[in-house]
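For this chain, numbers begin at 1 and follow the sequence in order. Just so you know, ligand 1 is whichever comes first in the structure, and atom 1 is the first atom listed for that ligand. No hydrogens, no waters, no symmetry mates; every other heavy atom, side chains included, goes into these values.
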Amino acid sequence: MFNAVYINVYITEIIMMLRYLTFLLSLLLYFVEGERYWHTSQFSLTKLYDFQKEHFNSFNGYLEMETRRLEELKKHLGSMYEWHDRKINWFNYLHNHLNGFQLMKRTWHKLQKIEDLMDNEQSIKALEKVDKNNGTITDNYINLVYQGIRRVQKFYAIPASDMAAGRRDDQIIGDPMNSCECYVISNNCYERYDYYGSMDWAVQTHDKWTIDGRPKCVNIKKLHHQMIISSMHTGFNLTTVINSSELYNSETDATKFIQNAFLMNNEMQVFNKSKCNTTFDIFNSYNILEFKDHEDKHKYLCRVGYQHQTRILTNDSKCRYQTNNVSYRILMPFKEEDINSNPSIKMYHDVIYDDEIEKIKIIARQNFQDGTVVSLGKGTSLETIRSGQVSWIYKYMEKEQNLDSLDVRIQSFTGRYTESAESYQVVNYGLGGHYIPHHDPLPNRTYSRTYGQRIATVLFYLTDVENGGFTTFPTLDIICPPEKGAALVFYSLNLTDGSLLYDSLHGSCSILKGNKFIFTRWLREEGQHLTYKWKDRNTFAY
Ligand SMILES: O=C(O)CCC(=O)C(=O)O
Ligand SMILES: [Fe+2]
């Protein structure tokens, strides 16, 4: 007896503990998966789209259940009304006690049924199930998406009016946005103290709100408040909005808005802001590139690239068929293109094949994680520096997946030793995905004593990109539009003394339209028959 009670208590405790552990685990998964997994890559966006299909199934199930429930409710109410209406002379009818009993019984049972149908516990359960499904979007994720949109806008200097119309000059870059969508961007900019963005998008929201039938998703009072504050910070003249708005003369809100705006105009004089009178001025503020740093130059090159879509030829530009003394390459030589001589930058066309590309994408998608920036410390992810998802294909996987022939190809076209190279890295950029200008060599504390420093980068493009996503070399004025199947090879170290080649500085432009997948192999110093003794080096000049 005692034992049975004891075992029972024991089991209850274990169950409690298991429940607690499950709860902790789900919390952990929420943070790990929710915050890290849902980053902006084309791959995760596609996955989200697929999850939507699952959601639709759950929603449709819910909708069917609700429709059945409401139809039943309607039936019960209908029969009750009908019965009620049929008794023309209630007073006489109820004189009969059996009828009184019937009234009591019907009312009681019907009411219970109706209450059950209205209480609707089932619906709550069904909805809970939908929420627990995959594809949860966290606040962090949605924030990154807004920031991605804003980055693309500033990167390519697209006025909010064009972006909201889904275009960049004469190119379609997406579907037109409605007032709700413009509002969330404006709101997000405001919350991040980005007053130019807030103003630019608020004007769009304001313009579309009446046309869209004044949807509730726009808190117009909040919007007006934010416009007033943003106008103070940007010097934007709110009367331009008021004059072109349909709200003018017809709404109390508008009247208040105007009063506030005039008050603020006075305040603005104190702030002495008069730069951005109109949305055109705001757009121009995106356009100002002072070339004070490489990031500006990078941005400029991205915009130039957007216009040209092809490489701007330099004095070094030359193309040739190259065999590198590999006999079978006489039949199928590499198509080598010189882009720059010092540092050496070359492009090899058609060096990775479609079946290999598909295989790489499939392997990579199993363990995509947010791209990190080594120089900021291990695992640091900062989307303002680099945004995209990264996956590694480790060396043991190469053999398993028959990818070893690729290494032989790299050896042939670079003429370099690849045994000491790093594992392949796959990157998928997505919405606003980019990488600001940087050098590839690793900071002193992280580079390997066994294999040495990163000497050269072999960057395969696994996709063409419809627009944007060029690799730029800001100090050299060079842009490389991604070309599916090609490999960009550039050196980061001076081969005579191992010092950094500063002009190897490079970055990736924001993706404006399309999907960018790259596949990178970094070659290391070990085994390259270098004339200097890198192993004796204490620190790397960086
Ligand atoms: O995506 C690109 O074009 C450049 C990528 C890059 O620089 C890197 O991964 O180190
Ligand atoms: Fe790089």
Side-chain angles (χ1 to χ4, degrees), residues 39-43 151 155 294-295 298-299 301-302 305-306 309 311 339-340 343 345-348 352 360-361 364 368-376 380-383 385-393 421-443 446-447 453-476 478-493 500-512 514-524 542:
H39 202 353
T40 53
S41 79
Q42 193 76 28
F43 169 65
R151 178 165 48 247
F155 224 97
H294 297 313
E295 222 180 304
H298 166 66
K299 224 185 252 181
L301 289 173
C302 293
Y306 159 79
Q309 293 294 322
R311 187 156 28 270
I339 296 173
N340 194 59
I345 307 174
K346 289 177 195 274
M347 179 83 103
Y348 296 89
I352 186 162
I360 291 164
K361 284 186 189 167
F368 265 127
Q369 291 194 339
D370 294 354
T372 57
V373 184
V374 182
S375 57
L376 294 179
T380 307
S381 151
L382 197 56
E383 60 85 40
I385 296 184
R386 180 193 201 185
S387 161
Q389 282 189 330
V390 168
S391 178
W392 293 88
I393 298 186
E422 285 173 46
S423 296
Y424 287 112
Q425 187 189 64
V426 187
V427 183
N428 179 209
Y429 297 92
L431 218 158
H434 76 126
Y435 201 161
I436 63 160
H438 61 278
H439 291 107
D440 280 355
L442 301 163
T446 48
Y447 87 84
Q453 187 52 277
R454 288 176 172 171
I455 189 170
T457 305
V458 182
L459 191 158
F460 292 94
Y461 295 107
L462 305 187
T463 44
D464 294 313
V465 179
E466 277 179 75
N467 214 325
F470 320 102
T471 308
T472 70
F473 291 86
T475 58
L476 301 169
I478 288 173
I479 36 172
C480 299
E483 176 194 304
K484 189 177 177 185
L488 182 71
V489 179
F490 56 92
Y491 281 79
S492 298
L493 295 195
L500 177 77
L501 290 168
Y502 190 81
D503 288 342
S504 68
L505 188 84
H506 62 283
S508 171
C509 303
S510 244
I511 318 291
L512 190 57
N515 184 11
K516 181 178 177 186
F517 257 103
I518 56 164
F519 181 62
T520 310
R521 186 71 134 182
W522 281 286
L523 307 184
R524 296 292 189 103
Y542 189 31

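Here the angle at the Fe ion (ligand 2) defined by NE2 in His438 and NE2 in His506 stands at 100°, rounded to 10 degrees.
Distances below 4.0 Å separate heavy atoms of His438 from the following atoms of ligand 1: 6 (C), 7 (O), 8 (C), 10 (O).
Residues Phe155 and His298 place their aromatic rings such that the two centres sit under 6.0 Å apart.
In this structure, Val427 has no heavy atom closer than 4.0 Å to ligand 1. The closest approach between a heavy atom of Phe470 and any atom of ligand 1 is not below 4.0 Å. Taking a 4.0 Å cut-off on heavy atoms, Leu459 registers as neighbouring ligand 1. Every heavy atom of Phe517 sits 4.0 Å or more from the atoms of ligand 1.
Of the heavy atoms in Asp440, only side-chain atoms (C-beta onward) come closer than 4.0 Å to ligand 1.
Side-chain polar atoms of Ser508 and Lys516 form a donor-acceptor pair below 3.5 angstrom.
Considering backbone and side-chain atoms alike, His506 places an N or O below 3.5 Å from some N or O of ligand 1.
In terms of protein heavy atoms, atom 1 (O) of ligand 1 is closest to Tyr429 OH, 2.6 Å.
Between the Ser492 side chain and the Asp440 main chain, no donor and acceptor come within less than 3.5 Å of each other.
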